[in-house]
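The block underneath contains the structure these notes are about, expressed in structure tokens.
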Amino acid sequence: MARSQIIGTGSYAPEKVLTNADLEKLVDTTDAWITERTGIRERRVAAPDEATSDMAVQAARRALEMAGVRPEELELIVVGTVSPDMPMPSCAALVQAKLGAKRAFAFDVAAACAGGLYALTVADQFLRTGQVKRALVIGAELFSRMVNWEDRNTCVLFGDGAGAMVLAPTEDEERGLLSSHLHTDGTLADILCIPGGGTRKSFSEEVLRDKLHTLHMNGREVFKFAVRALADSTHEALAANGLEPRDVTHVIAHQANLRILEAVLQRLELPLEKCWLNLREYGNTSAASLPMTLDEANRAGRLKEGDVVAMMAIGAGMTWGSAVMRW
Ligand code: COA
């Protein structure tokens, strides 16, 4: 069975930079607190007329250009997002129209910050079965419109952006996405969620007053869970391919918090230098984070043919997982 190979990557971050110093003027926080606890120094914020699909399309065009694939050649578009332009249709449908990818069927995958990895895994299944030959996977998120800008616990963490990957099948036994291992624990839904604005608590004065349409989080619980879950799923993914942590050339991880990544890599006995970091500049861009990080590492010329790339991501749900790829 053919494996999926990533033949192009792209990313996009809005122009506007919001620094920790800017946040000091909005909420009771300090640059030192944010930097020490998270590693984040700044994040990007979308322009008022910019929506998620606009960012997704920018990232997609860059990935398609690198891959040398025309939009009309695409047969599948999967967008990982929980911040689509509107509840329906999907962000992916809007992206399909803007790209002119007429042949592609398109849908969103909602796995919050694990959305990039979930979307990649879903697209991979269609490639493995031979149903599609060219797929576009995007992670795009506009959390600056979903956080409560009065809540210092959450608003300092997130940023906007999009990342994209173009997938094609490869028969090369040595290369491609070897396997991915996804998990969900819905009993933890309430530690990271947007409680209002859906069908449980639809929009009302109460929802708006109590800001239930914004992100709510128990940071400590998420932190503890993330460290264990990411380390365990990465062990699982490596073992499934007969690999050890020492075989990993690069770690491409969802960028939530530097301390989470340090703790995960310590458990895996992997040096932090193997992990491409950009949370300092972008913060947590949710589903966009993993594909944006991959694109940066790729464009920096870090990824060489045959390198073992371990990917990991975690998000609300809780959803999480790890994948192993031979570049
Ligand atoms: N500036 C200053 N103080 C802040 C603050 C901020 N931006 N945010 C929270 N605090 C305060 C808290 O109110 C708390 O004060 P209290 O003790 O008086 O109640 C204090 O700092 C310590 O809070 P605590 O939750 O123990 O801090 P922490 O070391 O766990 O760091 C997070 C908080 C949010 C940075 C950390 O828990 C975290 O990163 N969790 C994971 C979040 C995440 O990654 N979510 C997305 C996953 S995809």
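Every number for a ligand or one of its atoms is a count from 1 in the order of the listing. Positions are given from 1, in the same order as the sequence printed here.
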Worksheet item: Do I40 and V156 come close enough that some side-chain heavy atom pair is under 4.5 Å?
Response: no
Worksheet entry | Nearest-neighbour protein heavy atom for atom 36 (C) of ligand 1, which is reported as residue plus atom name and distance | F223 CD1, 4.1 Å
Worksheet, complete the sentence: Short version for N153: what comes under 4.0 Å of ligand 1, heavy atoms counted, is both
Worksheet item: Looking at A323 and L177, what are the two nearest heavy atoms and their distance?
Response: CB-CD1, 4.0 Å
Worksheet, complete the sentence: One finds that the ligand 1 atoms under 4.0 Å from a non-hydrogen atom of I314 are 48 (S)
Item to complete: Mark whether atom 14 (C) of ligand 1 lies under 4.0 angstrom from at least one protein heavy atom.
Response: no
Discussion item. I'd like to check which ligand 1 atoms, numbered from 1 as shown, lie under 4.0 Å from a non-hydrogen atom of R37.
Written reply: 22 (C), 27 (O), 28 (P), 29 (O)
Worksheet entry | Taking atom 39 (O) of ligand 1 as the reference point, the nearest protein heavy atom with its distance | N257 ND2, 2.7 Å
Worksheet item: Which option, W33, F225, F143, owns the non-hydrogen atom nearest atom 33 (C) of ligand 1?
Response: W33
Worksheet entry | For V156, the ligand 1 atoms whose distance to one of its heavy atoms is below 4.0 Å | 7 (N)
Practice prompt. Please tell me if the side chains of L243 and V248 come closer than 4.5 Å, counting only heavy atoms from C-beta onward.
Written response: no
Discussion item. Within the 4.0 Å heavy-atom shell around N284, which atoms of ligand 1 are there?
Written reply: 46 (C), 48 (S)
Worksheet, complete the sentence: Between C113 and H254, the two heavy atoms sitting closest are CB-NE2, 3.2 Å
Worksheet item: Which pair of heavy atoms, one from S83 and one from M146, lies closest together, and at what distance?
Response: CB-SD, 3.0 Å
Worksheet entry | W149 side chain to S144 backbone, donor-acceptor under 3.5 Å | yes
Response to the item:
C113 heavy atoms within 4.0 Å reach ligand 1 at atoms 48 (S)
Practice prompt. Classify the contact between T29 and ligand 1 as side chain, backbone, both or neither, using a heavy-atom distance cut-off of under 4.0 Å.
Written response: both
Item to complete: Please report the shortest heavy-atom distance between L268 and P245, naming the atom on each side.
Response: O-CB, 3.2 Å
Discussion item. Show me which atoms of ligand 1 lie under 4.0 Å from any heavy atom of T38.
Written reply: 35 (C)
Discussion item. For atom 47 (C) of ligand 1, what's the nearest protein heavy-atom neighbour? Residue, atom name and distance, please.
Written reply: V222 CG1, 3.7 Å
Item to complete: Compare M318, E36, M217 and give the one whose heavy atom is closest to atom 42 (C) of ligand 1.
Response: M217
Worksheet item: Got an N/O contact under 3.5 Å between G219 and ligand 1?
Response: yes
Practice prompt. State whether any protein heavy atom lies less than 4.0 Å from atom 20 (C) of ligand 1.
Written response: no
Item to complete: Classify the contact between T154 and ligand 1 as side chain, backbone, both or neither, using a heavy-atom distance cut-off of under 4.0 Å.
Response: neither
Worksheet entry | Minimum heavy-atom distance between V95 and A56, given as atom pair plus value | CG2-CB, 3.7 Å
Worksheet item: Hey, does R259 come in under 3.5 Å of ligand 1, counting only N/O atoms on both sides?
Response: yes
Worksheet item: Should we count CD of Q125 as having more than 12 external heavy atoms under 6.0 Å?
Response: yes
Practice prompt. Could you find the nearest protein heavy atom to atom 23 (O) of ligand 1 and give me its residue, atom name and distance?
Written response: R220 NH2, 3.7 Å
Worksheet item: For ligand 1, is there an N or O atom under 3.5 Å from any N or O atom of H254?
Response: no
Worksheet item: Out of R103, K102, K133, which residue meets the salt bridge (Lys or Arg N to Asp or Glu O under 4.0 Å) rule with E75?
Response: R103
Discussion item. With heavy-atom distances below 4.0 Å as the criterion, list the atoms of ligand 1 near A256.
Written reply: 44 (O)
Worksheet item: Would you call R44 and Y282 a side-chain contact if the rule is heavy atoms closer than 4.5 Å?
Response: yes
Worksheet, complete the sentence: Heavy-atom nearest pair, A253 first then T293, reads O-OG1, 4.0 Å
Discussion item. Quiz question for you: does at least one protein heavy atom lie closer than 4.0 Å to atom 17 (O) of ligand 1?
Written reply: no
Worksheet entry | Residue pair V132 / F105, side-chain heavy-atom distance below 4.5 Å | yes
Worksheet item: Got the closest protein heavy atom to atom 11 (C) of ligand 1, with its distance?
Response: R152 NH2, 3.6 Å
